[in-house]
Number of protein chains: 2
Amino acid sequence: MDPVAGTAGTAGTAGTAGTDIRSRRRAQTRAEILDAAWRLGAQDGIAGLSLRELAREVGMQAPSLYTYFDNKAAIYDEMFAAGFQELDAALHDLDDLDVDGDPVEVIAGAIEVFIAFCRDSVPRYQLLFTRAVPDWEPSPEAYAVSVRSLDRMAQQLSELGIERPEHLDLLTALTTGMAAQQLANDPDGDRWQRLSRAAAEMFIAHVRS
Amino acid sequence: MDPVAGTAGTAGTAGTAGTDIRSRRRAQTRAEILDAAWRLGAQDGIAGLSLRELAREVGMQAPSLYTYFDNKAAIYDEMFAAGFQELDAALHDLDDLDVDGDPVEVIAGAIEVFIAFCRDSVPRYQLLFTRAVPDWEPSPEAYAVSVRSLDRMAQQLSELGIERPEHLDLLTALTTGMAAQQLANDPDGDRWQRLSRAAAEMFIAHVRS
DNA sequence: GTCTATATCCAGATAGAC
DNA sequence: GTCTATCTGGATATAGAC
């Protein structure tokens, strides 16, 4: 009943970082629910997620989910924010190459990683980068997470000398377009992913011209 | 009651090209229904189309729609095929430039036209180029229409000397990516559309290298 | 915290009278 | 060809017992 190693959380608040035994258990159940949501999203598309199914997947009845999340939109919100944090992590590894890397190598790596990230979880791709879920859009808080993530990407590019907005816009169109084509038209192959280097060469040549 | 200028259609068949008075009236009502479907799709997203709403929009009760279409999927199918025929028409005008045009000009024009086409009708864009409608995919017949349309586009590009599959794949990714970014992030502006020429220059320079 | 039962609302599709 | 009435099945969400 007492805090084990409390830092800030008050027992019983809605935070996910509580250290109280109860809140730890609660956080774990929430994580299980979100895991199950990704799993179901991979089966029926993220837009097809139903709370009944989700509850069954974690072995409870649908109304019990409301103990852990305010509503369905809150579940999407948490998944959305978590997805961008995973994108940050995936792109963070590229930082090692930034220092003395050829821009072509860095951009090629970034495109490659981005497409791989999208392929790694189709429902995550749908939730983060398409408007696949009707009647839902990220809450301001969740949206802020995505903005920060994209800002960091722009920051990394500016360190390569790519700073003109037109260039950034071209690159985002190219990269997201390649990912979209890959998932839509060759989900099990690498028809667009293997063009990452060619795309990077094309783009850098344009920036330098 | 008698055929007016019959060519082939038998009165009462499912064809849309009948010349019988009855079948002409039927074709017109079908067209009205499809018009209304595009209109509603612009309001709530093409995925949110409901047969009840659609019926109300054309002044009938929902079950009456089944006189004109087998089911909801058949409505989507006709809209899908019609959308690609409209794309053909939009791109057909570019043929005039093909003969002696600079490839950069032709590609820039094609990108520009494609983005404009997508912006011209968001629900059409959603239906043709995204997987926005859950539990629906085009029938083989409708799909064949889209394949023919894309084949024609590839044919036009090969006349410009762009024939390597890798180049076609890069161009489709770039073009669809620009359209997607335009609609998602600047629906009322031209932030990506105005980059059509820059994108074309970038692409052609790459092809020539 | 979990359950059963239910409220409320919506969907696509069919039966059968007129 | 159009209608009313209905079937069937789904959804999110809440009330209240335990």
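Lettering of chains follows the sequences in order, A, B, ..., and the numbering in each one begins at 1. Heavy atoms only: backbone and side chains are in, while hydrogens, waters and symmetry mates are out.
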- Query: Base, sugar-phosphate, or nothing for B:Ile75, non-hydrogen atoms under 4.0 angstrom?
  - Reply: nothing
- Decide yes or no on side chain to side chain contact (heavy atoms under 4.5 Å, CB included) for A:Phe69 and A:Leu65, but give the supporting numbers first. CA-CA 6 Å; A:Phe69 298 94; A:Leu65 293 174; 5.5 Å; no
- Message: Nearest whole Å is fine: how far is D:dT2 P from B:Glu32 CD?
- Response: 11 Å
- Note on the structure: From CG of B:Asp135 across to P of C:dA13 the rounded distance in Å is 11 Å
- Evaluate the ring planes of A:Trp136 and A:Tyr76, with Trp represented by its six-membered ring, and classify them as parallel (under 30°), tilted (30 to 60°) or perpendicular (over 60°). tilted
- Message: Under 4.0 Å between a side-chain nitrogen and a carboxylate oxygen: does that hold for A:Arg197 and A:Glu105?
- Response: yes
- Looking at DNA chain D, which of residues 51-73 of chain B put a heavy atom within less than 4.0 Å of it? B:Met60, B:Gln61, B:Pro63, B:Ser64, B:Thr67, B:Tyr68
- Quickly, which of B:Val145, B:Leu127, B:Val133, B:Asp77 forms a side chain to side chain contact (heavy atoms under 4.5 Å, CB included) with B:Pro138? Name it, please. B:Asp77
- Within the distance-only criterion (no hydrogens, no angle test), does the side chain of A:Arg119 pair as donor or acceptor with the backbone N or O of A:Phe114 below 3.5 angstrom? no
- Using atom types as modelled and distance alone, determine if a side-chain donor or acceptor of A:Ser121 lies under 3.5 Å from a backbone N or O of A:Phe117. no
- OP1 or OP2 of D:dG1 sitting under 4.0 Å from any side-chain N/O of B:Arg22? no
